Amino acid sequence: MKNKDRISLRSQRTLKQKTMIYLVVMSLTFLYAFSLWSQDFSIASSQSSPGTILYRLFVVPLIDPTYWPSFVERGWQMIETIAIAYAGGIAASLFALPVAILAARNSGGRASYLGKLFLNAIRSIPELLFGVFFVAAVGPGSFAGVLAISVNSIGMIGKLYSESIESIDQAPIAAIKASGGNDLQAFWYGILPQILPQFLSISLFRFEIDVRASTILGLVGAGGIGVPLILSQQQRHWEEVGVILIIVIVFVVIIDKISGKIRSNLV
């Protein structure tokens, strides 16, 4: 093929690419313009405009002394939410360990497929569904929230546990057994020092997620600060919603900072 023909083919391909990009951009622009045209912007000047709601959410609770006592009350409810996440995370960490041993290929063998299938099945179900189920089973309150958090967290914690077990260095274990050590000594001195820091780090990381999940579970009656959050939202009492959101943001940031420092020292 001559150079002219190659240049001609390249120019044709470039022209096709530019044409496709142009058509995609024009289509997206048309869809965006159509979506804007179909909206009703009359609420922009009303009391329910987004700017007004944001002002009532994050400014009024801080400058109006009327809402300052609510920070103390909601703060205690946030502590209850953290307690739910902590109790559920501890239970999930304990129950996830035998499942993780079964799911790991180097410890579960052929049965590891069943362990992974079980963990994936749990992880595929949102925590809200677990919350609804346990609220219906044991009634509304903190106990339902603890059960929902613990069962929902087993999926993720067990998966990360099993990956940690699969990444174990076999050399220390072989050295202990070669020197006459039994299985218990191999586990205590060869396996446990490798997996314990990772397990603690995984549990702390999951605790951060569980705090947010506990807030959401309160929306279905599973205790914690989510209950007053949904009630205030239904009543359009945006100042009370703002108090709760500010408290949640502050506590989550503090927990993330503390757990991040602990995890950095563990791993």
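Side-chain atoms are counted along with the backbone in the values below, which use heavy atoms only and exclude waters and symmetry mates. Everything numeric in this text was worked out from a predicted model, so none of it was measured.
- The shortest side-chain heavy-atom distance between S112 and L102 does not fall under the 4.5 Å cut-off.
- No side-chain N or O of S214 forms a donor-acceptor pair with one of T81 less than 3.5 Å apart.
- If you check the side chains of S232 and E240, you find no donor sitting under 3.5 Å from an acceptor.
- The heavy-atom pair separating L57 from P61 by the smallest distance is O-CG, 3.3 Å.
- Put simply, the side chain of F251 does not reach to within 4.5 Å of the side chain of V211, judged on heavy atoms.
- The existence of a salt bridge linking K116 and E166 is confirmed by a sub-4.0 Å separation between a basic side-chain nitrogen and an acidic carboxylate oxygen.
- With hydrophobic clusters built from ILVMFWY side chains whose heavy atoms lie under 4.5 angstrom apart, I246 shares a cluster with V253.
- Under the 4.5 Å side-chain contact rule for hydrophobic residues, I63 and I244 share a cluster.
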R212/E208 under side-chain contact (heavy atoms from CB on, under 4.5 Å): CA gap, chis, key distance, verdict: CA-CA 7 Å; R212 305 182 185 95; E208 302 172 15; 4.1 Å; yes
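- Within a 6.0 Å sphere centred on OH of Y86, other residues, nucleotides and ligands contribute 12 heavy atoms or fewer.
- Identified under the ring pair (Phe, Tyr, Trp, His ring centres under 6.0 Å) test for residues 157-179, with sequence neighbours left out: Y161-F199.
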Step by step, work out the side-chain contact (heavy atoms from CB on, under 4.5 Å) result for F118 and L114. CA-CA 6 Å; F118 176 75; L114 296 176; over 6 Å; no
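- Residues I255 and M156 are members of one and the same hydrophobic cluster, defined by side-chain heavy-atom contacts under 4.5 angstrom among Ile, Leu, Val, Met, Phe, Trp and Tyr.
- The CD1 atom of I84 sits 12.5 Å away from atom CD1 of I79, with the distance rounded to the nearest 0.5 Å.
- Under the 4.0 Å criterion applied to side-chain N and carboxylate O atoms, D256 and R263 are not assigned as salt-bridge partners.
- Atom CD1 of I225 is separated from atom CG of L245 by 8.5 Å, given to the nearest 0.5 angstrom.
- When every heavy atom of V241 is checked against every heavy atom of Q233, the shortest pair comes out as CG2-N, 3.7 Å.
- Rounding to the nearest 0.5 Å gives a distance of 11.5 Å between CD1 of I209 and CG of L204.
- A donor-acceptor pair is defined here as one N or O able to donate and one able to accept, closer than 3.5 Å; such a pair exists between the side chain of W68 and the backbone of L62.
- Residues P193 and W188 form no side-chain contact, since every pair of their non-hydrogen atoms from C-beta on lies 4.5 Å or further apart.
- Across S124 and P126, no two heavy atoms sit closer than the pair O-CD, 3.7 Å.
- Side-chain atoms of S179 come within 3.5 Å of backbone atoms of A175 as a donor-acceptor pair (strictly under, hydrogens ignored).
- Listed here is the closest heavy atom pair of L119 and I154: CD2-O, 3.6 Å.
- Within the 4.5 Å cutoff, the side chain of I165 has no heavy atoms near those of the R105 side chain.
- The closest donor-acceptor contact from the side chain of N182 to the backbone of Q185 lies under 3.5 Å.
- Remark: I168 CD1 to L192 CG distance equals 9.5 Å, nearest 0.5 Å.
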For residues 127-152, please give each side-chain donor-acceptor pair under 3.5 Å, one per line with the distance, not counting sequence neighbours.
{"unit_1": "S142", "atom_1": "OG", "unit_2": "E80", "atom_2": "OE2", "d": "2.5"}
{"unit_1": "S150", "atom_1": "OG", "unit_2": "V146", "atom_2": "O", "d": "3.0"}
{"unit_1": "S150", "atom_1": "OG", "unit_2": "L147", "atom_2": "O", "d": "2.8"}
{"unit_1": "N152", "atom_1": "OD1", "unit_2": "R206", "atom_2": "NH2", "d": "3.0"}
{"unit_1": "N152", "atom_1": "ND2", "unit_2": "I125", "atom_2": "O", "d": "3.2"}

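- The hydrophobic cluster containing F95 does not contain L160, counting ILVMFWY residues as joined when their side-chain heavy atoms lie under 4.5 angstrom apart, directly or transitively.
- Residues V72 and W76 meet the side-chain proximity criterion, which asks for heavy atoms closer than 4.5 Å.
- Summarising the geometry of D210 relative to S153, their closest heavy-atom pair is OD1-OG, 2.9 Å, with the distance given to 0.1 Å.
- In this structure, CD1 in I82 is found 6.0 Å from CZ in F207, a value given to the nearest 0.5 Å.
- Transitive grouping of hydrophobic side chains (ILVMFWY, heavy atoms separated by less than 4.5 Å) keeps Y113 and I101 in distinct clusters.
- Y67 OH: more than 12 foreign heavy atoms inside a 6.0 Å radius.
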Show your reasoning for whether side-chain contact (heavy atoms from CB on, under 4.5 Å) applies to S167 and Q194. CA-CA 9 Å; S167 63; Q194 296 186 61; over 6 Å; no
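- Taken from NZ in K159 to OG in S162, the straight-line distance is 7.0 Å, to the nearest 0.5 Å.
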